[in-house]
Structure formats: structure tokens, C-alpha cells
Amino acid sequence: MPDLIDPAVVAELKDLMAGDLEALLQAFRDDSQARLAVARRSWAAGDLAELRSQAHSLKGAAANLGVAGLAAACQGLESAARHGDADAVSSALDLVGELLNASHEAFQRPPYRDA
Amino acid sequence: MAGDAMNPAVRVLVADDNRVDRMVLATIVRRAGYEVVEAVDGNDALHRFRESRPQLVLLDALMPGLDGFEVAREIKREAGEDLIPIIFLTSLTEADALARAVEAGGDDFLSKPYNQIVLKAKLNALQRMRVMHETMQRQRDEIGRHHARLVQEQEAAKAVFDNIAHTGDLDAPFIRRLISPLAIFNGDVLLAARNPANDLFVLLGDFTGHGLAAAVGAMPLAEIFYGMTDKGFAPAEILREANRKLLGIMPKGYFCCATLVALRFNKQEMEFWNGGLPPGYLRRRGGGVERIESLHLPLGVLADQRFDPATRVLAMRPGDHLLLGTDGLIDARDPAGDPFGYRRLDALVLDLDPAASAFDSVQRAVQSHIGDSGRDDDITLVEITMVAPEAVPERGPLPEGERQGAGAEWTLSYELGPRSLRRGTPLPLLQHIVVEFPELRRHAATIYTVLSELYSNALEHGVLGLDSSRKSSPRGFADYYRERARALEALDGFVRFRFRCDIDAHGIRLDIAVTDSGRGFDYQSLVPGNGTVAYHGRGLRLLRSLCREVHHRGCGNEVEVQLAWDHDGA
């Protein structure tokens, strides 16, 4: 499992987004919470395809924001859903939830925020 | 920025259902200098594409509703022959998904997390490719337009050529010809006309250059050929004038390989000049083939002083025929690229059964050499057959002008000294004066024939003192014309014409007396009806058949003929 944050990606992102970084992070907060909620509902309803799709989307966004650990967890969730392994899906969902919260907290600190 | 530099308004469609990814992507693309159009899913992507016609497209592979593959297929379909590069956004690593993207028309891939430098490089590369494609399309369209214009020009050239050819005598029964349309565009010209004496003049030309360039030279060539033939100029004079004109108007390096043939039915002779075309083949009716090579440079190459219009004169008999072709014949290639060549042509014509048609045989051989490829169908082939004078159809009458003149009464004396005699035939000038009178115009052919007989007798047998009986053998025939050319250079003497014309209400009487500076001849021995008409007696026999009276006077250096017609045409 990689570190939660990939500082190189974050540095590039800060350079790219400049003043729009905060708006981007806020978009991720809203979006990722919504996607996690949909993912959980899908799992409960047995809709594995939708679960995979949400995990996939969340993975991409996490990678783009430099939250490498979260992206890896999403990859794990996507893969567990593909194999239909119930235990693995449950624990992967939990891990994604935890790392998502950790990410939101990380956004308040360096390297996202200047010290 | 690269995008700016190449085109300030290059639009890029960014289609991703994930808001965060879309924001990152749009920012990168905008910062690379492109204008961004965003779409939130597949249906939206198609809608935006149709609305704003972006030049580049970034497509997320997995989107709700229409997925990226379907959108890509539709965009490529709607773009038609325009190139709209599509980059697939995907974190897919499976080979089959990449294969699906390629199949749907994807030009490149980008995986998450997005890297600014990589994406910028891809965008710029695809933009360059797109511009190149656009340039290519534009150039292709331009080539298409050029081609269309060329075809149009060629059609115009062909129309002009057809008009030129139709004014001539190409449909005469003793001419067979094959000119492929491509040959016309490649500069081949075939002209035929009869002069006032009903001799058939044929000019086969092959201009360097194609299409309009060739037609531009063909126009004055045709004008000179028709105009001068009609007025009765000799081949050498026509050639000299054509050479002078073409040299003057054509750009350097452009010229016209040509063969000029004058078939004199009355004399059963052929005058021949070839500058740069493949040899002509003279096939004798009973067998035997002579190859007549080009001895001259093409028309439009040499300055007037250095141009040599000397023709060769060959005796012919009815049924003898001359086969001419242009380089297209020699160059005709088989599918493997091997040209037909001189050797094949020579072998074919020289060994041909005398009874077989050379025209048909050569045409068949070349066509079968070319095979089905048809790409070298650039062939001009002409066959001219000598016929007896009686078999030559009358030349159409000259335009008559006013039907009935007010009558006329005139005399004219015209004497040619050595320089004038060397210079060439005075016949066009005399003919011009004679046909000024509308009553005489309808008899122009007869008058010209008589004038030309009188003049050639006065010059050749009188002033030059040549013995026409030498023309009886082919060998002597050639010697005769060689001797004639030599004597002409050295001549000292004159030929004098005296005309007396009387046109009244009843009819026309035209007396022509010709005196030369020669020693004369024993005309008493040439009384009509003494049985044998030798070859050299043809001219005199012809005169007697056309004139009401023919008298020799003095020591034989004077001849006087009388032509007369009633107005009712008798």
C-alpha cells in the first residue's frame, strides 16, 4: 500500500490549479462523499457493476489529487467487486471510507496547504 | 503557446463525468493555450460536439449513458473526412479495453493521474497532425480543382483541334488515321488539305509539352499549313514559314517534330520532309518497303538562315502507300514498362506480307503490346495512299464572291530573275491575282494546275536545262531532284509570264504565255497523238487536257496556252 499522499503529484497540482485549488478540493469532498454513499447502497442492493463504476471513478479523482493511498484502496475495491468476493468488498469499502476521511483532513495540511 | 501559435481558436472538447478530473483536465488544456468545451457525460459530449465543432476531443472511456467508445465512433462518423483526433482518458490497463478504444477511433490515451507535460505534448502532436491533414486535404482539393481545370482545358484544346481538323481534308478516302484522344493532349497534330492543283498536303506534328501548351503551337501551325497550302505554296515554303513562326512564339525548349508530305496525284510523286519524327515507310504496291528517315531538326529549333526545308521527291504509283507515326507509337509500353521501340516497328513493317495492311498490322501489334493496361494509349498512325489522278475527288470550289462581275480586260507581265527563281514559287502570288476576279475563282484549280505546269517546265527544262526523261527510273528520279537543287543554286536566267484576260458577258478567255531563258527543245517531235506518252510527257498531256490550245513557239522556250470558259460553266 503506497503512502496516502504522493507529494510530487500534489506539487504539480498546486502549480497547475493555483488559486483554483481550494475549489477543486471542495468539489472532491462533495463528489467523493456522494460516490461513497452510492457505492455502499449499490453493495447493499447487490449491484456490483454500479459499485465498480463508482470505485473506478473515485480512483481516478483520487489519483489526480495525489491521494495515492486512496486511489490504491479504490483499485482494491474495484477488483474485489469484479471477483464478487463479499468479505473483500466489505473490508475494501471500509478502508476506502477511512482513507477518504483521512484525505479530507490531509487537505488542510501541507503539502496541500502551506504551513 | 503552441496551440496559440498554430491557431488561436483551436477548441478542445473535454468529456468526463467525474467533476474533479474534468476540472483538472480543463485547466491543463486551457493552460496549454486551447479553448475548452466541457461535457459531463456521453450524451452531453455528442451534443457539445455538434454544437461547437471542436478540433480535438478528450473522452473518458467509462461514462454513464453513452460510453466513450460509442461517442468516439459517432464523432468519427460525423467528422467524415475531416480529422478530429480523439484522446481516451482512462486508467484502464486491460489490453482489451485499449483495443476497443483503438477500434472506436481513438488516436491516443492518457491515464490518471494526468500529467500536464505529457498531455500538452499529446495535444500539440495531434494538433500538428490535424493541421497537416487539413493542409493535405486542401492541397488534395486544390489538385482536384487543378485537375478539373486541366481536363477542361484539354477538352477546350480538343474542341479547337476538332475544329481545325474538320476544316481540312482528313476524311479523304486515301487517308487512314488513328489519333487517340490522349495523343492529342500529348501534342500530336494531324492536318490535311489540298492545294489549288488538288495535290494532297499532310502534316503530322508532335509538339513537346502537353495540353494547352501543345495546342498553343498547333494553332499557328495549322493556320500556316491551311493558309499556305490553299494558296498554292510549295512544301518548302510552308515549312520555312512554320519554322520561323514556331521559333518566334514558342518558349525555349518547345518545338514540333513534324513530317510534311505532298502527294501530287497529277505527277504520281510525293514530296517528303521529316524533322524529328520516326521514319516514314513507303510500301510499294507490289512489294518492297523504303524507310524514309528524318534528315532534319524539328520545327521551331533552328534560326531561319540555318533551317533546311529541302524535301525529297519520290515517284509513286497508284496503290503505293506511306505509313507515318509519332513517338507515342515507339514509346508505347507493355505492362512491364518495355517500350514498343523502333526495332519492333521496323521488323514488323519491313517483313510484312505486301498484301497485308501495314496500318492494321501496326495498330494491332501496338495494342497487343500495350495489353490491357491502356495507360500508354498515346498513338497516332497515318496511312496515305497514292491513287490515279482520276480517282481524286474534286476539291470543293472556292467561295465565289459576287456571282457576276462587271467584266474585265487586263494584261499582266511578270518576269522573275535569278534571285526570285531561287527564292521559291511565284504561283501563290499569281494565283492570288487571278482569283481576285470572281468569274475566275471557280476555275482556280484549273488555272493553278496550268500555271504550276508551265512554271515547272520553264524552270526545270528551260532555265535549269534538266532532262525530265531521266525521271523514268527510280534511281534517275532521285538524281534528277539532286541535280535540280544544284542547278537552282547556280542558275542564271529568267522566266516571264504574260497574262491576257478578257471577261465579257459571254465568257472568259485567259491567255498565258511563258518564256524562259533556256535553250528550248524540239517541240515538233512532241505532237499530240504520236502514241507513246513517256513519263516526262505527263505534264504536257495534262496541259493539253486542261487548255483549249497549247502552242510552242520560238526554239521551244516559249509556250502559249489558252483557257476559255462560257459563263454557264462549260
Side-chain angles (χ1 to χ4, degrees), chain A residues 2 5-36 38 42 47 49-72 74-75 77-79 82 100 103-104 107, chain B residues 1 14-34 36 38-42 44 58-70 87-98 100-101 109-121 123:
Chain A
I5 308 296
D6 179 339
V9 175
V10 177
E12 205 193 313
L13 190 69
K14 279 174 75 177
D15 171 59
L16 174 72
M17 299 306 291
D20 293 332
L21 182 64
E22 191 45 52
L24 181 70
L25 296 177
Q26 190 52 52
F28 180 75
R29 275 184 209 105
D30 301 346
D31 209 57
S32 55
Q33 289 299 1
R35 284 189 192 277
L36 184 60
V38 173
S42 306
D47 186 349
E50 181 61 26
L51 174 62
R52 272 173 60 196
S53 163
Q54 293 303 330
H56 180 82
S57 191
L58 198 52
K59 178 185 71 178
N64 269 332
L65 291 199
V67 206
L70 177 57
C74 291
Q75 170 69 54
L77 176 56
E78 202 182 342
S79 154
R82 186 181 302 116
L100 197 54
S103 305
H104 294 167
F107 292 163
Chain B
M1 303 233 165
V14 174
D16 195 326
D17 65 308
N18 188 312
R19 189 154 58 115
V20 173
D21 290 347
R22 200 168 62 239
M23 282 173 77
V24 173
L25 207 52
T27 308
I28 297 176
V29 174
R30 218 172 271 127
R31 280 188 59 173
Y34 298 90
V36 174
E38 295 185 40
V40 300
D41 59 31
D44 192 33
L58 301 177
L59 264 187
D60 190 13
L62 301 178
M63 287 184 287
L66 276 182
D67 69 17
F69 308 113
E70 291 167 283
I87 300 178
F88 269 99
L89 310 169
T90 173
S91 43
L92 297 171
T93 45
E94 295 93 340
D96 73 311
L98 296 179
R100 279 181 70 198
F109 303 93
L110 186 70
S111 58
K112 298 167 190 181
Y114 299 138
N115 180 298
Q116 291 192 65
I117 296 165
V118 172
L119 178 54
K120 245 199 252 190
L123 283 174

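Below, chains carry the letters A, B, ... as their sequence lines are ordered, and counting in each starts from 1. For the numbers below, each heavy atom of this structure counts, side chains included, while hydrogens, waters and symmetry mates do not.
No other option in N18(B), D60(B), V24(B) has as many heavy-atom pairs under 4.5 Å with chain A as N18(B).
Taking the side chain to side chain donor-acceptor pair (under 3.5 Å) definition, one finds that E70(B) meets it with nothing, sequence neighbours left out. Under the rule for a salt bridge (Lys or Arg N to Asp or Glu O under 4.0 Å), D6(A) has no partner lying at least two apart in sequence or in another chain.
Here the CE-OG distance, from M63(B) to S57(A), works out to 11.0 Å after rounding to the nearest 0.5 Å. Annotation: the span from M17(A) atom CE to M23(B) atom CE amounts to 5.0 Å, rounded to 0.5 Å.
D17(B) touches chain A through backbone and side chain together, each having a heavy atom under 4.5 Å away. In this structure, the portions of N115(B) lying under 4.5 Å from any heavy atom of chain A include both its backbone and its side chain. Using a 4.5 Å cut-off between heavy atoms, L65(A) contacts chain B through its side chain alone, with no backbone atom that close.
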| field | Derivation and outcome, side chain to side chain contact (heavy atoms under 4.5 Å, CB included), residues H56(A) and L62(B) | value | CA-CA 9 Å; H56(A) 180 82; L62(B) 301 178; 3.6 Å; yes

| Would D15(A) and R31(B) satisfy side chain to side chain contact (heavy atoms under 4.5 Å, CB included), going step by step from the backbone distance to the final call? | CA-CA 11 Å; D15(A) 171 59; R31(B) 280 188 59 173; 4.2 Å; yes

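In this structure, E12(A) and Q116(B) approach most closely via the heavy-atom pair OE2-N, 3.0 Å. Of all heavy-atom pairs spanning P113(B) and A63(A), the tightest one is CB-O, 3.1 Å.
Under the 3.5 Å distance criterion, the side-chain polar atoms of N64(A) are left unmatched by any main-chain donor or acceptor of D21(B).
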